[in-house]
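None of the values given here were measured: they were computed from a predicted structure. Note: hydrogens, waters and symmetry copies are ignored here, and every other heavy atom, side chains too, is used. Letters A, B, ... are given to chains in the order of the sequence lines, protein chains preceding strands, and every chain is numbered from 1.
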2 protein chains.
Amino acid sequence: MVTLAEVAQHAGVSASTVSYVLSGKRSISATTRQRVEQSIRELGYHPNAGARALASSRSNIIALVIPLRTDMYVPVMMEIAIAVATTARLHGYDVLLLTGEEGPDAVRRVTGSGLADAMILMDVELDDERLPLLREADQPSVLIGLPADTTGMTCVDLDFTATGALCVEHLAMLGHRDIAVIGEAPAVYERHTGFAERTLDGLRSRARALGVRVLHRPCEGGYDALTVTLARVFDERPGTTGFVVQNESAVEPLLALLRQQGRAVPEDVSVVAVCPDQVAVQASVRLTSVAIPAQEMGRRAVEHLLTKLEGRGNEDIVLLAPELVVRASTGPAPVAP
Amino acid sequence: MVTLAEVAQHAGVSASTVSYVLSGKRSISATTRQRVEQSIRELGYHPNAGARALASSRSNIIALVIPLRTDMYVPVMMEIAIAVATTARLHGYDVLLLTGEEGPDAVRRVTGSGLADAMILMDVELDDERLPLLREADQPSVLIGLPADTTGMTCVDLDFTATGALCVEHLAMLGHRDIAVIGEAPAVYERHTGFAERTLDGLRSRARALGVRVLHRPCEGGYDALTVTLARVFDERPGTTGFVVQNESAVEPLLALLRQQGRAVPEDVSVVAVCPDQVAVQASVRLTSVAIPAQEMGRRAVEHLLTKLEGRGNEDIVLLAPELVVRASTGPAPVAP
DNA sequence: AAAGGCTGTCGAAGCGCTTCGACACCTATG
DNA sequence: CATAGGTGTCGAAGCGCTTCGACAGCCTTT
């Protein structure tokens, strides 16, 4: 293993000079710099992470806490994680992957040990028990998701309230008056993950404003669960012509069942989905949808974290504006028979 | 930030004694140990990771290199990553998340900087350019996937050859004589990721032995691509009654199209999938399938890595035996009309 | 009773780096 | 020409921990 001292000797300068070449914190003459850089290349030198962390008390590592559950939005989580890792690398940081399993202990461990300089938490619950710890930690953090109390926190999320409103608007504009919402599994609501409720809020309040009726049903993924849910929907609201789906694993079953019941999409029934674009375009009917901008969320989270690490920037809520893309699953409401 | 020295002072012992209490590398009297542990708890001490890494030249971190592409098997990757993180924590290790983006440089960086003690690489290509680096590195590594040349490497993977064979066997036993394989996207084969080819090999050689005909078609996900592929299959082999699908995003389209064409599953056509269980049970027909044991792969990879870190264990190929679970998508071949 | 072996604790060195103050040298200024 | 102010480089201290050798005190063994 090559050390700073060896590089210094090889280049005929002192260790501190090499350090300053590396960090750029003091001016170094062009000739010296080149000589040092040459030595670094020749010897294949890589600074030792531990020593660096110890001396500078910065690890250049960002901790990313991902949810342990893999019951929903897996591709979204993955995409966020990859975006976080990629963006972090771009700025010279590495990413430490923690699962939600450890709970608050993970926060204590990271802040206490100096393992990471900052943390990003995904899948924050409305009343997350890690929040108090983060508030009093001296390490910056960014949440992906929106807890109930955001004081002192920086959060990045899709504006789910606006998303809900957008979906209703689109359907209302097409003349739909009775809308059903197929939501996430009941467990997701019970867990108070926030985004599901917020979508619903946005949806309902805009529906009220537009004079549209909304029926909401949480739903497990898969065909069996959806068969039951759909039957209940049409039972209670036979005139339903618009659907909003916020549950990846309910998308395809919904389309299949509608088809099976002789309800054509979009002639008889319109469907708007809240899902990754890939799901929307690969579905059996290309879905009008609001995408979840996973990459952007990951990128923004890291960038915000970095400005906080630099002392600039601070408490802040970033809500990404939803975009509805019209595809083949929505059309004018059928004229009443 | 609490330091070892502060704990030592608080407990009225020397720093080294605290260190030995923590590491257990020398015997400590029960009373001293308790006093120290008490102080640690009271002060909320966490060892500083950088200092520890520097002094011991072990970071207690495992690097996990995940593929950058999110075009396939995303849930599987995620599940592996989570299993790796969880298992690692169980043994006192943390996980550093690297994307394939950096290529061989990632390996150099990690080995050079002592950032991690060992690495796990996912999505290894048959002739991966990182392999030579890993061979000469003094850090242990484990591959998830099987490259062409495995000398000096430890690999963990599903036995895809056996998987292919198992699928054919099952269909052959049910009397199917003409089998079509719907594979991954052509790009996956071009990239030489290995597992796709191995499945095909196992499939073909067992088919030959059993006197079954096999037609293989790579296929992009989604309905459009599958419509074309399926038409070609039935065009070339009208008597096809068995399908093996190894492409998550082709599963549902296949079922839908078959249904649409009036081919009942499993009465007219049988379908076996190679996919995560979740996909198999959530499909519109509960699929007979060979699961990809993502959790197990992640767990085994970490455990192997740890034995290598301890100096025990070494070069080794672990092929997990596939298990075929019969569900509702396969049945006896229809009697010829 | 002396020699030897354990056990439990301590002090000190050192891991590889960053960073502060010092200082030699050079150039502009009065 | 002496002085002030930059530049560019160096030496040394110290980050918080692990680990090695030393050794005091005790218990066996001969």
Margin query: Applying a 4.0 Å non-hydrogen cut-off, can you work out what S56(B) is touching in the nucleic acid: base, sugar-phosphate, or nothing?
Written below: sugar-phosphate
Output for pair (R135(A) CZ, M153(A) CE), nearest 0.5 Å, gives 5.0 Å
| Donor on one side chain, acceptor on other, S14(A) and T17(A), under 3.5 Å | yes
To the nearest angstrom, the CG-C1' distance between L54(A) and dG16(C) comes to 9 Å
Could you check whether the side chain of R26(A) and the base of dT19(C) have a donor-acceptor pair of N or O atoms closer than 3.5 Å, going by distance alone? no
When you check the phosphate oxygens OP1 and OP2 of dC10(C), does a side-chain N or O of T17(B) lie under 4.0 Å from one of them? yes
Picking from dT9(D), dT9(C), dT18(C), the nucleotide nearest the side-chain atoms of T32(B) would be dT9(C)
Q. Are a donor atom and an acceptor atom from the side chains of D117(A) and S59(A) found within less than 3.5 Å of each other?
A. yes
The reported gap from CG in N60(A) to CG in L309(A) (rounded to nearest 0.5 angstrom) is 9.0 Å
Whole-Å distance, R33(B) CZ to dG8(C) P, equals 9 Å
The answer to which of A55(B) and I28(B) contacts DNA chain C further toward the 5' end, by nearest nucleotide, is I28(B)
Look at K25(A) and dT18(C) and indicate whether a side-chain polar atom (N or O) is within less than 4.0 Å of OP1 or OP2.
no
Can you check whether S27(A) has a side-chain N or O nearer than 4.0 Å to OP1 or OP2 of dT7(D)? no
Can you confirm whether the side chains of Q38(B) and Q34(B) place a donor and an acceptor under 3.5 Å from each other?
no
Rounded to whole Å, the CZ-P distance (R58(A) to dC15(D)) equals 19 Å
L22(B) CG to dC17(D) P, in whole Å, measures 9 Å
Side-chain contact check for N48(A): nearest option of dC17(C), dT9(D), dC17(D) is dC17(C)
In whole angstroms, the gap separating C1' of dC15(C) from CZ of R52(A) amounts to 16 Å
Intermediate values then yes/no, side chain to side chain contact (heavy atoms under 4.5 Å, CB included), I66(B) and I82(A):
CA-CA 9 Å; I66(B) 60 169; I82(A) 291 181; 3.8 Å; yes
When rounded to whole Å, the CE to P distance for the pair M1(B) and dG16(D) reads 8 Å
Atom OH of Y20(A) and atom P of dA12(D) are separated, to the nearest Å, by 15 Å
- Full working for side-chain hydrogen bond (donor to acceptor under 3.5 Å, both in side chains) between H10(B) and S39(B): CA-CA 6 Å; H10(B) 186 273; S39(B) 297; 2.8 Å; yes
Any N/O donor-acceptor pair, S16(A) side-chain to dG11(D) base, under 3.5 Å
yes
What residues 3-14 of chain B contributes to the DNA chain C interface at heavy-atom separation below 4.0 Å is V13(B), S14(B)
